[in-house]
Amino acid sequence: MSRKTMASTSRRGRGPALAATPAVLWFLLFMFAPLVVLFVVSVGVRGPGGGYQPGFTLANYGELQTRLVPILNTIEFSLLGTVVTLLLAYPLAYYLAMKAGRKKVVLLALIIVPFWTSMLIRTYAWTFLLGSKGIPEVLSAMGLADDVRLLNTPFAIVLGIVYNYLPLMLLPIYVSLERLDPALRAASKDLGAGRLATFRQVTLPLSAPGVLSGCLLVFIPVMGEYLIPVLLGGGRSYFLGNALADLFLQSRNWPLGAALAGSFILLMSFVVVGYSWLTRRLTGPLPTEGVL
Amino acid sequence: MPSPNAISRRHLLGLLGYGSLLAGTGVAASACAPPVKETNGGSAAASGGSGSTLTLATWPNYDDPAVLQRFTEETGIRVNVQVFGSTEEMEALLRAGNSGIDVAVPSQYAIPGWIKGDLLQPLDYDKIGVDLSSWNKAVVDQEFDPGNRFTIPKHWGTTGMIFSGDAGGEPSSWAEFFKLAPELDRRAVIVDHQISSIGSAAVSLGLDFNVRDEKGLGEVERFLKSIKPKLFAISSDIQPGLRNGDTWLSIAWTGDGVQVVRDNPGFKYVIGKDGGEIWSDNWSVPKDAPHPDAAWAFLKFIHEPKNAADNINFSLYPHADPAVTELVDSNVRDNPVIYPAEETIAPLSFATAETYNSPLRAETWARIKSS
């Protein structure tokens, strides 16, 4: 074998493999290895003083049904929170992209700047707004309603989700609407479509990728939410994140916690796979493709 | 050392608006965060064999900085204070070894485990010069450390009930508390702590405060789950709700009780006549304390009545030495929330190590909260 061929072999054969090594190592070390550890802990047993003791049992997975309420709470509130956030964010993004004109920059800044403050402080502040001496007192002073309870209700949790995650929904939708060529909507109008038909048949489908990314950006972190159910829900509507924190920090049952966390990761994987399937379906053959 | 003008990664993220995200995750992880450290001033000059620093593991607002400063001035030993959020955290650090802690203040229920785990050394009473024989019998020579070989009570307190006039009743027992709580419809709070909340509910059902058997805990679990929808919150952050008028009735620890009643005389703090919790935090010296001589010197200093009294005036928690009580400010001494009468605390129980470590009790509490 000549020198030249050897060199070319290594360049074509081992070169790319070598180049991929850091990425592979990264995945093995920071994704695969922790998942293995999580699985090993989840089939172990709780130590006498808490923590983990080696063992092999599937009992922890059987125990998961005792955490059914937090699992259902998490899914329910995440779906509801995402839908409400979307319903509020879409018109706002539409206004910013289409109608705001030069005010756009200021309005965007007004939305984003509050989020430079810690989420804990912003959420804690809501406990005073929603408490008896806050909005309920204003309502009662105005003679509108008496004895309104807002704090530590499901409403407060949804409000907390919408308030904290609105920008994550707003920005992707805004970007997709902003990129929309005004000529498309003009063409739709020329071809006789009304405003509603144009929105339904042109604007909405073209902003679907933004809507989907926004929904995922909101849904996934809300599924892992811990703070909002504690501060605005009074610990009465538990999320998975709260159940997990209890298992690791209070009852120190690591194996059950690992089983719950592992199942949660599995559940989220389904969501992400479903999302990418949906994205491909919705953004694949777009009606614009023939035109552009 | 980076140059002072360099922008750190955290700073950059902050500028980009990710600061809030970092802060958000920080909150969730704060239970694992390292304890807050602070060192008081004073010369670092070595002073003979007692070592030049002393590391004190304690709780928030629990030690008068002026008293610690006086100790440094008198002995030349600097005090390095580490403030902890939970006994579990303190224990994890000690069990890992080489914690550097010279004096720790564990709650009583952790002590048997620490003694058994060989984490503490017997106290050198010759060097400390303290005589416990006249101290309040309610807190010395208890089951968790017979004869106080390893620990001396620092402060103690109770878990009682606090309520405002809005509650429309004046419960005097846990039975009355837990009857009134669901009737108020989302105006009552129980603390997020299995020892206090399961224990008080158990007492209300006629069970032992330290109940650990499956049948008894099952009864408590069913009861607390049944009233949970009628509670305002399960939270240890009870003060804002009480002060804002959202909460009319709550389980409360002495410290919260003192502060709320002081600021709002319309509130009352009552100890259950059918039982409930008494607790104590206790001075101890870890076996691997790097400066044991500094620790003995500190324990001697802190038990001089004047110093101990200053600490009480600062922290508003009582002490068990009658000689100290005489020196405490009269408004503190005469406050029945801080210094309850002897017959009031007679029916109370200390949480035991078994209660603290019971997997079933911990799981019961987690299930109640997850319901």
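Note on naming: letters A, B, ... go to the chains in the order of the sequence lines (proteins, then strands), and numbering restarts at 1 for each one.
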Give the intermediate values and the outcome of salt bridge (Lys or Arg N to Asp or Glu O under 4.0 Å) for residues A:Asp147 and B:Arg186.
-> CA-CA 12 Å; A:Asp147 194 31; B:Arg186 289 172 295 142; over 6 Å; no
Among residues 363-371 of chain B, which ones touch chain A with a heavy-atom distance under 4.5 Å?
->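 Contacts with chain A: B:Glu363, B:Trp365, B:Ala366, B:Arg367, B:Lys369, B:Ser370, B:Ser371.
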Side chain proximity check, A:Ile111 to A:Leu92, heavy atoms < 4.5 angstrom =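 Result yes, sub-4.5 Å side-chain heavy-atom pair found.
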With no hydrogens and no angle check, is any side-chain donor or acceptor of A:Arg67 less than 3.5 Å from a backbone partner on A:Leu256?
->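 Pair absent, no side-chain N/O of A:Arg67 close to backbone of A:Leu256.
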So, A:Arg122 side chain and A:Thr117 main chain: donor-acceptor pair closer than 3.5 Å or not?
->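 Such a contact is found between A:Arg122 side chain and A:Thr117 backbone.
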Could you tell me which of A:Arg46, A:Arg149, A:Lys133 has the largest number of non-hydrogen atom pairs under 4.5 Å with chain B?
->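 That would be A:Arg149.
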Identify which of A:Pro221, A:Gly134, A:Gly131 forms the greatest number of heavy-atom pairs closer than 4.5 Å to chain B.
->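 Heavy-atom pair counts peak at A:Gly131.
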For the residue pair [Y] / [X], report whether a side-chain donor-acceptor contact shorter than 3.5 Å exists.
X: B:Ser196; Y: B:Trp253; answer: yes
X: B:Trp114; Y: B:Glu91; answer: yes
X: B:Thr355; Y: B:Ser358; answer: no

What part of A:Leu247 gets closer than 4.5 Å to chain B, counting heavy atoms only: side chain, backbone, both or neither?
->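 The answer is the side chain of A:Leu247.
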Is it the side chain or the backbone of A:Glu225 that comes within 4.5 Å of chain B heavy atoms, both, or neither?
->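 Neither part; nothing is under 4.5 Å.
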Partner chain A: residue of B:Asn244, B:Ile234, B:Asn357, B:Val189 with the largest heavy-atom pair count (under 4.5 Å) =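 Most pairs with chain A among the choices: B:Asn244.
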Which answer fits B:Asp237, side chain, backbone, both or neither, if we ask what part of it has an atom under 4.5 Å from a heavy atom of chain A?
->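 For B:Asp237, the contact with chain A is made by the side chain alone.
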Interchain contact, B:Arg95 with chain A, by part (heavy-atom threshold 4.5 Å) |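 Neither part; nothing is under 4.5 Å.
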So, do B:Phe178 and B:Phe223 have ring centers that fall under 6.0 Å from each other?
->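 Distance test on ring centres: under 6.0 Å, yes.
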After noting the C-alpha distance and the side-chain angles of A:Ser132 and B:Asp246, does the key distance pass the side-chain hydrogen bond (donor to acceptor under 3.5 Å, both in side chains) rule?
-> CA-CA 6 Å; A:Ser132 294; B:Asp246 288 309; 2.6 Å; yes
